Structures are given as structure tokens and as C-alpha cells.
Amino acid sequence: ELIQETFAHLKEIEPEIDSFITLNEEKALEMARAIDEKGVSEENILAGLPIGIKDNIVTKDLLTTAASKMLYNFEPIYDATVMEKVHQSNMIPVGKLNMDEFAMGGSTENSYFKTTKNAWDTSKVPGGSSGGSAAAVASGQIPLALGTDTGGSIRQPAAFNGIVGMKPTYGRVSRFGLIAFGSSLDQIGPLTRTVKDNALALNAISGYDAKDGTSSGQAVPDFTNNLEKSMEGMKIALPKEYLDKGVDDEIKDAVLKAADTFRSLGATVEEVSLPHSKYGVAAYYIIASSEASSNLQRFDGIRYGYRSENVASLEDVYVNSRSEGFGDEVKRRIMLGTFSLSAGYFDAFFKKAAQVRTLIRQDFKKVFADYDLIIGPTTPTVAFGLGEEIDDPVTMYTNDVLTIPVNLAGLPGMSLPCGFSNNLPIGLQLIGDRFAEETMYQAAYSFE
Ligand code: GLN
């Protein structure tokens with residue numbers, strides 16, 4: 001009944017929001033029936049829960065497009081590790097969610113299929129690249145979705161839609177079966193309406209996986225352990241660069257108010273500095289694009305998805321399939337990345353960016369020697385209008401100025417709602433030390 005109702009409700013809301021690329025109705029109902037028949041133990045708290053999956057996570061026998069023409073007909077023959085975990089916990093995947101093509105973008109306007117709308121105001125973008133995930137959860141279609149975050153793609157859309165989004169520590173969640181964008185940055189994580197749901201979902205998808213070479217063996221605690229724990233004595237840092245010019249005044253005010261709330265709960269909040277964070281965007285677009293240019297070589301018109309019909313030679317198959325199959329933003333990244341890695345430019349670009357990455361990581365390390373948590377805004381502005389930034393890639397890229405350093409350092413980052421500006425939600429970002437998600441959930445729950 002829950003799954004039937006979910007689809008009925010979803011179909012009422014979806015035409016306005018456009019968050020799904022593919023619905024999985026028949027199989028979802030079959031799974032629900034199977035759960036009803038066999039029953040589940042009480043510990044299996046997520047059993048029967050509808051979940052939406054970002055369309056760059058491969059799902060066996062279910063269309064997985066990464067929102068690209070290149071993969072318009074791709075039905076994977078295996079499940080991503082997170083999907084195996086979704087099935088183990090008896091959650092029910094109701095469909096695949098819209099996104100920017102190959103997760104490149106910050107507004108979900110780079111999808112080949114459709115443009116998702118913000119759940120609060122359909123003239124605004126939902127953010128991206130996990131815009132479908134965030135808008136589907138925020139509009140009440142589903143309680144939970146998986147997204148991915150390479151430079152902010154879980155946190156920024158969570159902020160724009162007024163929900164909770166967690167990018168776990170790099171290595172916490174297996175990337176096996178995630179269509180790779182920037183492999184040293186990508187992480188899968190949950191988007192939910194409440195902090196507790198988020199912690200429960202992360203419990204379900206975390207853990208070591210031999211199929212992902214960068215998966216961590218770090219023990220996975222129950223992320224709900226500390227939810228009720230007092231904030232007394234927690235040391236919170238507020239980086240001054242995160243309240244710099246460029247951040248809207250109403251967002252600054254909301255973050256300062258959040259700092260006061262944490263103080264009133266018994267925490268201390270002090271100003272710190274992350275001096276190299278201002279170089280994050282520049283370093284990120286070199287590193288992420290370089291990795292993307294390498295990862296996207298596999299889309300050759302032969303192994304997967306789209307193949308051009310307009311060919312007279314083997315080279316035409318490669319060139320025309322890629323020219324016709326990839327959208328403009330993806331091509332921009334491939335060119336930028338290929339250039340940065342090429343002989344003669346490697347030292348000036350890729351190597352420099354890697355060095356800056358180390359400095360950014362060290363900035364955070366210094367702060368975490370003295371503090372338990374960092375807070376700041378998730379984004380410099382609230383959701384912008386559809387069509388407003390799509391023709392201006394550099395402006396679009398600077399949206400991620402506050403989230404990117406977290407990926408470069410491999411740290412966990414989270415966004416939760418902390419107020420409104422012009423009737424649009426504002427996101428508060430919590431940044432934790434490596435594998436300190438429990439502390440982040442504790443603070444988030446006390447704030448909520
Ligand atoms: N907006 C950023 C980009 O376009 C981040 C994307 C992401 O996290 N997947 O690269």
C-alpha cells in the first residue's frame with residue numbers, strides 16, 4: 001500500500017517538478033509484495049521504504065543514463081554496491097533521478113532529458129548536480145534519495161531545496177558502480193527531510209568494499225548513536241573566509257544565528273581561518289576535469305550506449321559518437337582536463353592544482369587539531385532562476401566555492417536548513433574531520 005500510494009502521490013507532483021528520468025513502478029510493487037509475504041524483522045527499520053536513486057548509480061536491468069544522450073539506452077548488467085545494500089535493507093527503489101549530465105553542473109540544467117524545478121519555487125533551479133534527488137525529496141514525492149557529490153552536488157541542491165544532505169568521508173561509501181566523474185573526489189550520500197533519516201540511510205550504505213580500491217576499512221558506527229548527546233563542550237570553528245564578500249547578507253546572518261544556537265546549546269564557536277580555500281575552485285576544475293577526461297574515454301560508441309550512424313570509418317565511430325553523444329558542458333570539461341594533463345602543461349596546471357589541494361587539506365587539519373566541527377554557509381546565494389547562469393560557466397562554477405574544499409580534502413560535509421531568504425531555503429554547512437560523521441549528526445540533530 002505504501003508503495004502504491006507513493007506512486008499515486010508522486011505522479012501528482014512530478015509533472016511540476018520533473019525530477020525522475022525513469023520510474024521503476026512494476027518492479028517496486030513486486031518487491032513490496034515480496035516483503036509483505038516474507039515479512040521482515042523489526043531491526044530492519046528501513047524495510048519497505050521508497051528510495052530514489054540518482055541516475056549515475058548503476059542499477060541492474062534498470063535504465064541508467066547519467067542524464068546523457070551517450071547512455072540513453074544503457075541497462076547495466078550489475079548493481080552498484082550501494083544498490084546491493086539498498087536491497088539488503090529491503091528499501092524499494094522507485095526510480096532514477098535527474099541530474100546534470102555525468103554530474104557536471106550545479107543546476108540540473110545540463111541534463112539531456114529534462115530540467116528539474118526547485119521544490120519551493122518552480123521558476124528556480126533545484127541546484128545540482130543531484131537536483132532530481134533533492135527536489136523529489138523536498139516536494140514530498142519520496143522520503144529519501146541517494147545523490148553523489150564531487151564538488152558539492154549533494155550539499156548545494158540540499159541547501160537550495162531546504163533538506164538534509166550528507167557527503168560522507170571519502171572512502172566511507174563504496175564507489176563501485178558509480179559512473180565515475182572525478183574519482184578522487186566522488187562520494188555517494190543520502191538526501192532526506194530529517195537528520196535521523198539521513199543517519200539511518202548512511203548506516204545502510206556505508207562500509208568497506210573490496211571492489212572499490214579507495215574504500216576504507218574504518219569501522220562503521222551506528223550514526224544515530226550520538227543524536228541525543230548534549231552539545232555541552234563541543235568546539236565549533238567558523239572560518240572567516242566562509243563569511244567573506246560574495247556571500248549574501250541574509251545567508252551570513254542565518255549562519256551567525258546558527259552559531260548562537262550552538263552556543264546556547266553549550267558549544268563554543270570561534271572564528272578560524274582556512275587561508276587556501278579561496279584557491280579551491282581553480283584547483284578543483286583542473287583536478288576534476290582531468291580525472292573526467294580520463295574516466296570518460298570509455299564512452300567510445302562501441303562499449304556503451306549511443307553510437308553515431310553517420311560513419312564511414314572506425315575513427316568516425318569514435319569522433320561522431322562522442323561529438324553527438326556528449327553535451328556542451330561535458331565537452332568543456334574533457335577539453336579542459338585533456339589540456340591540463342598534456343605534456344608541456346602538466347607542471348603548470350595539474351601538478352600545481354595537486355599542490356594547492358595539499359595546502360587546503362593542511363588548512364583543515366590544523367583547524368581539526370583544536371576543533372570538533374566547522375560550520376559555515378553551504379552556498380553564497382539561495383537558488384537562482386532557471387536559465388539565469390547556464391550560459392555563464394564561470395559564474396556557475398563559483399557556486400561551489402564553499403563546498404569544493406571539503407571534497408579536495410576528502411572530508412565529510414553536510415547541509416541542513418537554517419532559514420529563508422526571499423522565501424527560498426538557506427543551507428547551513430557542517431564539515432567534520434575524517435570519519436567524524438557521528439559528531440556532525442549529533443550537532444545537526446541538536447540544531448534541528
Ligand atoms: N558543480 C560542480 C561541478 O560542476 C560539482 C558537481 C558535483 O559535485 N558532481 O563540477
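Quantities reported herein were computed from a predicted structural model and do not represent experimental measurements. We count ligands from 1, going down the list as the structure has it; atoms in each ligand are counted the same way.
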Checklist entry - Of the protein's non-hydrogen atoms, which lies at the shortest distance from atom 2 (C) of ligand 1, and what is that distance? => result Asp400 OD2, 2.9 Å
Next on the checklist: Using the ring centroid of each side chain, check whether Phe176 and Tyr78 are separated by less than 6.0 Å.
Outcome noted: yes
Checklist entry - Which of the atoms of ligand 1 are close to Ser129, meaning less than 4.0 Å from one of its heavy atoms? => result 9 (N)
Item to check | For atom 4 (O) of ligand 1, the option (of Met99, Arg333, Glu329) bearing the nearest heavy atom | outcome: Arg333
Next on the checklist: Regarding ligand 1, does Met104 bring an N or O atom to under 3.5 Å of one of the ligand's N or O atoms?
Outcome noted: no
Next on the checklist: For Tyr72 and Tyr306, take the angle between the two ring planes, folded into 0 to 90°, and tell me which bin it lands in: parallel under 30, tilted 30 to 60, perpendicular over 60.
Outcome noted: perpendicular
Checklist entry - Are any of the side-chain nitrogens in Lys96 or Asp55 under 4.0 Å away from the carboxylate oxygens of its partner? => result yes
Checklist entry - Could Lys235 and Asp370 be called an ion pair, given the rule that one side-chain N must be under 4.0 Å from one carboxylate O? => result no
Checklist entry - Parallel, tilted or perpendicular: which describes the rings of Phe181 and Tyr284, with under 30° parallel and over 60° perpendicular? => result perpendicular
Checklist entry - For ligand 1, which atoms sit closer than 4.0 Å to a heavy atom of Phe181? => result 9 (N), 10 (O)
Checklist outcome for this item: Ranked by distance from atom 3 (C) of ligand 1, the top protein heavy atom is Tyr285 OH, 3.2 Å
Checklist outcome for this item: Note: ligand 1 atoms sitting under 4.0 Å from heavy atoms of Ala103 are 6 (C), 7 (C), 9 (N)
Checklist entry - In the protein, what heavy atom is nearest to atom 6 (C) of ligand 1, and what distance, to one decimal place, separates them? => result Ser153 OG, 2.9 Å
Checklist outcome for this item: Ranked by distance from atom 5 (C) of ligand 1, the top protein heavy atom is Tyr284 OH, 3.3 Å
Checklist entry - Which of the atoms of ligand 1 are close to Asp149, meaning less than 4.0 Å from one of its heavy atoms? => result 8 (O)
Checklist entry - Should the pair Phe326 and Phe299 be assigned to parallel (<30°), tilted (30 to 60°) or perpendicular (>60°) ring geometry? => result perpendicular
Item to check | For Gly105, atoms of ligand 1 separated by under 4.0 Å from a heavy atom | outcome: 1 (N), 2 (C), 3 (C), 4 (O), 6 (C)
Checklist entry - If you measure from each heavy atom of Gly152 to ligand 1, is any distance below 4.0 Å? => result yes
Checklist entry - Does any N or O in the side chain of Asn407 come within less than 3.5 Å of the main-chain N or O of Asp149, such that one atom is a donor and the other an acceptor? => result yes
Next on the checklist: With a 4.0 Å cut-off on N to O distance, would you call Lys114 and Glu109 a salt bridge?
Outcome noted: no
Checklist entry - With a 4.0 Å cut-off on heavy atoms, does Tyr397 reach ligand 1? => result no
Checklist entry - Between Glu14 (side chain) and Ser19 (backbone), is there a donor-acceptor pair under 3.5 Å? => result yes
